[in-house]
Amino acid sequence: MLERNRELWTESIQAFNQYAVAESNRGYLFTGFVDGAKFYPYTDTFTNFIPGTLGLLSKIVGSNTYFQLAVDLLEGAHSVFDEMPSSLGAEAIRFVRKNVPSDYLLLKDKAKKQIDQYGFANEREYYLLRPEYIESLFYMYRMTGNTTYADRVWKVWQGIQRNCRADEGYVGTADVSVDASVSGTLNTVDSTESFFYAETFKYVYLTFADHNVLSLDDWVFTTEAHPLSRKIPFDGTF
């Protein structure tokens, strides 16, 4: 990697860590929204791609510090999925920052109840089969060999099977706080996005495929999970 590229990456990650990352009142790190000098403890499921991408880049530049940041951010994402009876994470979530009581005081009663119960509140409580959390779990599993990450992919996949499997395919679920195996009713969002087949399916499959299948030393995935062959492979970096 060109030295200037490494410097630019380091500068950007330092700024990201300083201004866009916070700790919740349960001790989890999460990424919020920044508007000028103001930080909002609000995030959405799209940001779950960050731990995987940050982990990959940290391996390339040899930064244990930022690899650990990737691990910690993924633990925060995991809490959002793991706390839900459906094993699926909401589209958007609000946290309460550690030692910032105004984050809690300004919430409505329903959100306060969820904060007390889960450590976060579901702002948009549906799940649309998005891949970002699974994507990061896949990367971390490939990079570390830690089967905990594969187990978590499987748990989400089981949640999808219980709550999103329809007669002719898969659809979103309207409320991740309810599990269909308990309620007895599929409460669905009756649409299927193309990214479910292009990305979510692919990352689930690759998690449990042999690591030589689309090895990260030989292939790079685009943001839409299209594999591109590397002209110069890495030598066992991943």
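Source: prediction; values computed, not measured.
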Enclosure of Phe208 CZ (heavy-atom neighbours >12, cutoff 6.0 Å) = yes
Without swapping roles, check the side chain of Ser86 against the backbone of Gly159 for a donor-acceptor pair under 3.5 Å.
-> no
Is the count of non-hydrogen atoms from other residues, nucleotides or ligands lying under 6.0 Å from Glu11 atom CD greater than 12?
-> yes
Got a second to check how far Ile50's CD1 is from Leu57's CG, nearest 0.5 Å?
-> 11.5 Å
Could you tell me which residues satisfy salt bridge (charged side-chain N to carboxylate O under 4.0 Å, His left out) with Asp44, sequence neighbours excluded, listed by chain and number?
-> none
What are the two closest heavy atoms between Gly55 and Ala70, and how far apart are they?
-> N-CB, 3.7 Å
Nearest 0.5 Å please: distance from the NE2 atom of His226 over to the CZ atom of Phe221.
-> 11.5 Å
Would you check if the side chain of Arg152 reaches a backbone N or O of His78 as a donor-acceptor pair within less than 3.5 Å?
-> no
Group every Ile, Leu, Val, Met, Phe, Trp and Tyr by side-chain heavy-atom contacts under 4.5 Å, then state whether Phe95 and Phe39 land in the same group.
-> yes
Quick one: does Tyr149's side chain get under 4.5 Å of Val71's, heavy atoms only?
-> yes
Indicate every side-chain donor-acceptor pair of residues 185-199 with a distance under 3.5 Å to a residue at least two apart or in another chain.
from   : atom 1 : to     : atom 2 : distance (Å)
Thr188 : OG1    : Asp190 : OD1    : 2.6
Thr192 : OG1    : Tyr170 : O      : 2.2

Search all heavy atoms of Asn163 against all heavy atoms of Ala180 and return the closest pair with its distance.
-> OD1-N, 2.8 Å
Non-neighbouring partners of Lys155 that pass salt bridge (charged side-chain N to carboxylate O under 4.0 Å, His left out), sequence neighbours left out = Asp82
Are Leu29 and Val100 connected in a single hydrophobic cluster, I mean Ile/Leu/Val/Met/Phe/Trp/Tyr linked by side-chain heavy atoms less than 4.5 Å apart?
-> no
Do side-chain atoms of Ser136 reach the backbone of Tyr133 as a donor and acceptor pair under 3.5 angstrom?
-> no
How many angstroms lie between atom OG of Ser181 and atom CD of Gln158, to the nearest 0.5 angstrom?
-> 10.5 Å
Residue pair Val220 / Arg230, side-chain heavy-atom distance below 4.5 Å = yes
Tell me, yes or no, whether the heavy-atom count around Tyr28 atom OH, taken from other residues, nucleotides or ligands under 6.0 Å, exceeds 12.
-> no
Pro41 side chain reached by Phe30 side chain, heavy atoms, under 4.5 Å = yes
Close side-chain approach of Ile160 and Leu88, heavy atoms under 4.5 Å | yes
Does the distance from a Lys or Arg side-chain N to an Asp or Glu carboxylate O, for Glu135 and Lys202, drop under 4.0 Å?
-> no
Would you mind reporting whether Phe81 and Asn48 have side-chain heavy atoms less than 4.5 Å apart?
-> yes
Do Thr200 side-chain atoms and Leu129 backbone N/O form a donor-acceptor pair below 3.5 Å?
-> yes
How far apart are the C-alpha atoms of Phe16 and Val21, what are their side-chain angles, what is the distance that settles it, and do they pass the side chain to side chain contact (heavy atoms under 4.5 Å, CB included) test?
-> CA-CA 7 Å; Phe16 165 76; Val21 176; 3.7 Å; yes
Looking at side-chain heavy atoms only, is the closest gap between Val213 and Trp219 below 4.5 Å?
-> no
Trace of the side chain to side chain donor-acceptor pair (under 3.5 Å) decision for Asp103 with Tyr40 | CA-CA 9 Å; Asp103 285 352; Tyr40 295 90; over 6 Å; no
Looking at residues at least two apart in the chain, or sitting in another chain, which of them share a salt bridge (charged side-chain N to carboxylate O under 4.0 Å, His left out) with Glu23?
-> Lys98
Under a 4.5 Å side-chain heavy-atom rule over Ile, Leu, Val, Met, Phe, Trp and Tyr, are Ile115 and Tyr118 clustered together?
-> no
Kindly indicate, with the supporting measurements, whether the criterion side chain to side chain contact (heavy atoms under 4.5 Å, CB included) is fulfilled by Thr10 and Val61.
-> CA-CA 9 Å; Thr10 301; Val61 302; 5.9 Å; no
Proximity of Tyr205 and Trp157 rings by center, below 6.0 Å | no
Could you go step by step and tell me if Tyr66 and Trp9 meet the ring-ring contact (aromatic ring centres under 6.0 Å, His included) rule?
-> CA-CA 11 Å; Tyr66 290 119; Trp9 180 85; 5.8 Å; yes
Pairs in or reaching into residues 120-130: which pass side-chain hydrogen bond (donor to acceptor under 3.5 Å, both in side chains), with residues at least two apart or in two chains?
-> Tyr42-Arg124, Glu91-Arg130, Arg94-Glu123
Group every Ile, Leu, Val, Met, Phe, Trp and Tyr by side-chain heavy-atom contacts under 4.5 Å, then state whether Ile13 and Phe49 land in the same group.
-> yes
Do Arg162 and Ser87 have side chains that get closer than 4.5 Å, going by heavy atoms?
-> yes
Keeping the roles fixed (side chain from Ser58, backbone from Phe67), state whether a donor-acceptor pair exists under 3.5 Å.
-> yes
Atom pair NZ/CG of Lys59 and Leu216 - distance to nearest 0.5 Å = 11.5 Å
Under 4.5 Å between side-chain heavy atoms, hopping through other hydrophobics if needed: is there a path connecting Val182 to Val176?
-> no
Separation between CG of Asn99 and CG of Asn25, rounded to the nearest 0.5 Å | 9.5 Å
Would you check, one step at a time, whether the test side chain to side chain contact (heavy atoms under 4.5 Å, CB included) holds for Asn146 with Met140?
-> CA-CA 8 Å; Asn146 186 342; Met140 283 298 188; over 6 Å; no
For the pair Arg165 (side chain) and Gly169 (backbone), establish whether a donor and an acceptor sit closer than 3.5 Å, ignoring hydrogens and angles.
-> yes
Kindly compute the distance separating CG (Leu228) from CG (Leu214), expressed to the nearest 0.5 Å.
-> 10.5 Å
Return the set of residues passing salt bridge (charged side-chain N to carboxylate O under 4.0 Å, His left out) with Asp72 (not counting sequence neighbours), or none when no residue passes.
-> none
With a 4.5 Å heavy-atom cut-off, do Ser24 and Phe120 have their side chains touching?
-> no
Indicate the atoms forming the closest heavy-atom contact of Pro85 with Ser177, along with that distance.
-> CG-O, 3.3 Å
For the rings on His211 and Tyr141, is their centre-to-centre separation under 6.0 Å?
-> yes
